[in-house]
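What follows is one structure encoded as structure tokens, with my remarks underneath.
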Amino acid sequence: MISVQTADFDIATLYQQITARENNPLGYGAIITFVGKVRDFNLEQEVSALSLEHYPGMTEKTLANISQQAMERWPIATPIIIHRVGELAPGDQIVYIGVASAHRKAAFEACEFIIDFLKTKAPFWKKESNADGDNWLNERESDHQAADKWSQDTSE
Amino acid sequence: MISVQTADFDIATLYQQITARENNPLGYGAIITFVGKVRDFNLEQEVSALSLEHYPGMTEKTLANISQQAMERWPIATPIIIHRVGELAPGDQIVYIGVASAHRKAAFEACEFIIDFLKTKAPFWKKESNADGDNWLNERESDHQAADKWSQDTSE
Amino acid sequence: MLSIVFFAQTREIIGQGELTLPFESAFSDLEMLRAHLANTNDKWDLALTRDKLLVAVNQEMSPWDTEIKDGDEVAFFPPVTGG
Amino acid sequence: MLSIVFFAQTREIIGQGELTLPFESAFSDLEMLRAHLANTNDKWDLALTRDKLLVAVNQEMSPWDTEIKDGDEVAFFPPVTGG
């Protein structure tokens with residue numbers, strides 16, 4: 001399940017969905033979730049708001065493609081990927097990824113794969129507002145390294 | 001936070017705790033959770049119930065030690081580790097691990113480290129009941145390999 | 001017609017999010033189209049500096065030598081920073 | 001006194017979960033204690049076969065050559081299978 005939305009998400013509802021029989025027909029018992037939040041209190045610089053822009057259409061296609069790749073690579077149920085757009089405040093939830101598998105290692109890897117690819121392939125852009133004004137965030141080399149490692153990694 | 005309990009746990013409440021300021025004073029925004037459930041429907045053999053025995057006292061000490069090791073190794077907030085004991089039914093939740101960090105890679109690794117060590121070090125024993133009677137589960141070589149890799153792995 | 005869209009910094013510097021353009025063989029690949037648009041004025045030139053600029057054709061990330069055809073949707077944007 | 005506890009299969013085969021035993025220098029390490037207890041009868045011998053048996057002293061997993069002392073709590077159990 002893929003959703004790009006301005007509304008907040010409820011992790012309890014999503015957890016029910018990831019474990020529900022229609023989504024998880026084999027009753028996979030290892031469930032990994034990742035939630036990314038707007039940093040709540042930054043010691044160096046107070047972030048007062050975050051604005052998330054995206055490319056409607058391409059975003060959903062990219063996330064569906066990442067989800068599909070993960071399902072081809074690991075024995076997992078259909079992942080849930082939720083990403084918020086629009087205006088967000090410190091502490092707000094931004095992104096949710098939920099993965100169920102019979103094998104915890106597969107669930108961990110698939111979940112990390114999805115967020116690593118989302119960070120480098122999905123057309124979202126973050127703009128931070130603080131006392132100094134607005135700043136578009138720069139891409140991070142560490143995110144690219146994280147995504148690249150999945151092409152080199154030949155282990156299951 | 002460590003708890004060994006017969007009662008079920010509520011992942012929404014635990015998520016609030018892992019992100020609450022008292023537990024997560026730096027407002028870490030990457031939250032990974034692992035939930036392990038009793039397999040709900042096993043195609044090969046119907047599991048009708050699971051009984052979990054533990055060594056009171058040693059269990060809590062072992063989990064606290066694993067939690068401490070994870071906090072020394074990765075920049076994470078205090079992890080939440082919940083493990084149920086007693087009689088469980090198919091689909092029931094068994095174990096919860098919640099980890100927050102500023103860095104998702106650290107959170108993924110610490111969460112996986114905790115479950116890998118819990119599986120091989122914490123004194124819990126599972127007994128399955130099915131049509132053929134009761135069976136104590138055997139340890140799995142794959143769990144030992146998973147735990148061993150953390151001693152060899154020198155990456156962050 | 002080509003449908004051209006811009007996002008994030010690229011959109012802000014250019015000052016508009018989209019435009020349409022009659023297709024011409026003079027810009028039959030992405031690099032040629034980029035150069036053609038960059039030629040509009042100094043702001044467009046700055047916004048469409050190839051360094052770090054990404055481009056998608058019909059909502060798929062594409063290399064600069066990708067050929068384009070009438071009816072395509074082409075998007076220019078900076079590196080992505082979601083998640 | 002030594003406090004001895006058994007868990008899971010080990011407990012089931014032996015048929016009891018705990019016992020206390022006056023400490024004797026004749027079983028001053030874990031292997032000696034295990035052999036002493038295994039000597040009780042065939043069931044204890046089977047339950048305390050060293051293959052795959054684990055042992056903890058004062059709630060810490062310990063190797064078989066660990067020395068024990070009066071007042072220790074010693075636990076025998078099979079490989080753990082939680083999580």
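From a predicted model like this one, the values you see are computed outputs, not experimental measurements. By convention in this document, chain letters (A, B, ...) are assigned in the order of the sequence lines, proteins followed by strands, and residues within each chain are numbered from 1.
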Task: Exercise: identify the closest heavy-atom pair between B:Met58 and D:Phe77 - done: CE-CZ, 4.2 Å
TODO: State, to 0.1 Å, how close D:Phe7 and B:His54 come at their nearest heavy-atom pair, and which atoms those are.
DONE: CE2-O, 3.4 Å
Open item on the list: With a 4.0 Å cut-off on N to O distance, would you call D:Glu60 and B:Lys121 a salt bridge?
Closed with: no
TODO: Keeping the roles fixed (side chain from D:Thr81, backbone from B:Lys126), state whether a donor-acceptor pair exists under 3.5 Å.
DONE: yes
Task: Spacing of CD belonging to D:Gln59 relative to OG1 belonging to B:Thr62, to within rounding of 0.5 Å - done: 8.0 Å
Open item on the list: Contact between B:Glu53 and D:Glu12 at the side-chain level, heavy atoms closer than 4.5 Å - yes or no?
Closed with: no
Open item on the list: Salt bridge or not between B:Glu139 and D:Lys52? Use side-chain N to carboxylate O under 4.0 Å.
Closed with: yes
Open item on the list: If only side-chain N and O atoms count, and only distance matters, is there a donor-acceptor pair under 3.5 Å linking D:Gln9 with B:Trp125?
Closed with: no
Open item on the list: With a 6.0 Å cut-off (strictly less than), is the heavy-atom count around CG of D:Asn41, excluding the residue itself, greater than 12?
Closed with: yes
- [ ] State whether the side chain of B:Lys119 and the backbone N or O of D:Val80 hold a donor-acceptor pair below 3.5 Å, judged by distance alone.
- [x] no
Open item on the list: Strictly distance-based, threshold 3.5 Å: is any side-chain N or O of B:His83 a donor or acceptor partner for the main-chain N or O of D:Gly83?
Closed with: yes
Task: Side chain, backbone, both or neither of B:Asn65 within contact of chain D (heavy atoms, under 4.5 Å) - done: neither
- [ ] Check whether D:Ala8 gets within reach of chain B through its side chain, its backbone, both or neither, counting any heavy atom under 4.5 Å.
- [x] both
Task: Residues of residues 61-73 of chain D with any heavy atom under 4.5 Å of a heavy atom in chain B - done: D:Met61, D:Glu73
TODO: For D:Glu31, look at atom CD and say whether over 12 heavy atoms of other residues, nucleotides or ligands are found less than 6.0 Å away.
DONE: yes
Task: Spacing of CG belonging to D:Leu54 relative to OH belonging to B:Tyr55, to within rounding of 0.5 Å - done: 12.5 Å
